[in-house]
Amino acid sequence: MKLGYVIVYVPNVTASVLFYERAFGLQRRFIHEGADYAEMETGTTALAFVSEGLASTSVGPITPNRSDTTPAAVEIALISDDVATSYRQALTAGATSVLAPTKKPWGQTVSYVRDNNGVLVEICSAVGG
């Protein structure tokens, strides 16, 4: 097997796409005409957004991500060549700071923000670099 998609269930697919474009510089692959599904250009594994309404008909009840609740025990990790600049860009676009860029003992720089839906996003350098 291989990882094909990371899918985040969101209240508004279009708003999530626009946020990820502004905050993280990702490009949309497409937004489905009904705006219940979208994919971002993220390399081999696609980052996708699905409306919570569509999710409830497909997989049943879900616990939604929200900015005013504790984040779910999962994160989206985005690798950046300039973590500090990417972190500031995300904050300027409306992300909420969780951890400012921090150099780890193994050499990696990591930071954390929460997106417009409250999802935890790591902005980091490549491991070992």
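We're numbering straight along the sequence, starting at 1.
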Can you see which heavy atom on [X] is nearest to which on [Y], and at what distance?
X: A23; Y: A93; value: CA-CB, 3.5 Å
X: V17; Y: A38; value: CG2-CB, 3.5 Å
X: I62; Y: A55; value: CD1-CB, 4.2 Å
X: S51; Y: V13; value: N-CG2, 3.4 Å
X: N116; Y: Y20; value: OD1-CE1, 4.3 Å

Between [atom1] on residue [X] and [atom2] on residue [Y], distance to nearest 0.5 Å:
X: S125; Y: D81; atom1: OG; atom2: CG; result: 9.5 Å
X: L47; Y: M40; atom1: CG; atom2: CE; result: 7.0 Å
X: K2; Y: T44; atom1: NZ; atom2: OG1; result: 7.5 Å
X: Y87; Y: E122; atom1: OH; atom2: CD; result: 13.0 Å
X: Q89; Y: T85; atom1: CD; atom2: OG1; result: 8.5 Å
X: D68; Y: R114; atom1: CG; atom2: CZ; result: 8.0 Å

[X] side chain vs [Y] backbone, donor-acceptor pair below 3.5 Å:
X: T102; Y: A100; value: yes
X: S111; Y: I123; value: yes
X: Q108; Y: C124; value: no
X: T96; Y: V113; value: no
X: D115; Y: N117; value: yes
X: T57; Y: L54; value: yes

Following the transitive rule for hydrophobic clusters with a side-chain heavy-atom cut-off under 4.5 Å over Ile, Leu, Val, Met, Phe, Trp and Tyr, establish whether [X] and [Y] coincide in one cluster.
X: L26; Y: I31; value: yes
X: V121; Y: L3; value: yes
X: V110; Y: L120; value: yes
X: I7; Y: V74; value: no
X: V119; Y: L99; value: no

Side-chain heavy-atom pair [X], [Y] within 4.5 angstrom cut-off:
X: V6; Y: T45; value: yes
X: N65; Y: V10; value: no
X: L91; Y: S97; value: yes

Please verify the inter-ring angle class for F19 with F24; under 30° counts as parallel, over 60° as perpendicular, anything in between as tilted. perpendicular
Partner of E39 under side chain to side chain donor-acceptor pair (under 3.5 Å), chosen from R29, H32, R28: R29
Less than 6.0 Å separating the ring centroids of Y9 and F49? no
Other residues, nucleotides and ligands only: do more than 12 of their heavy atoms fall within 6.0 Å of OH on Y5? no
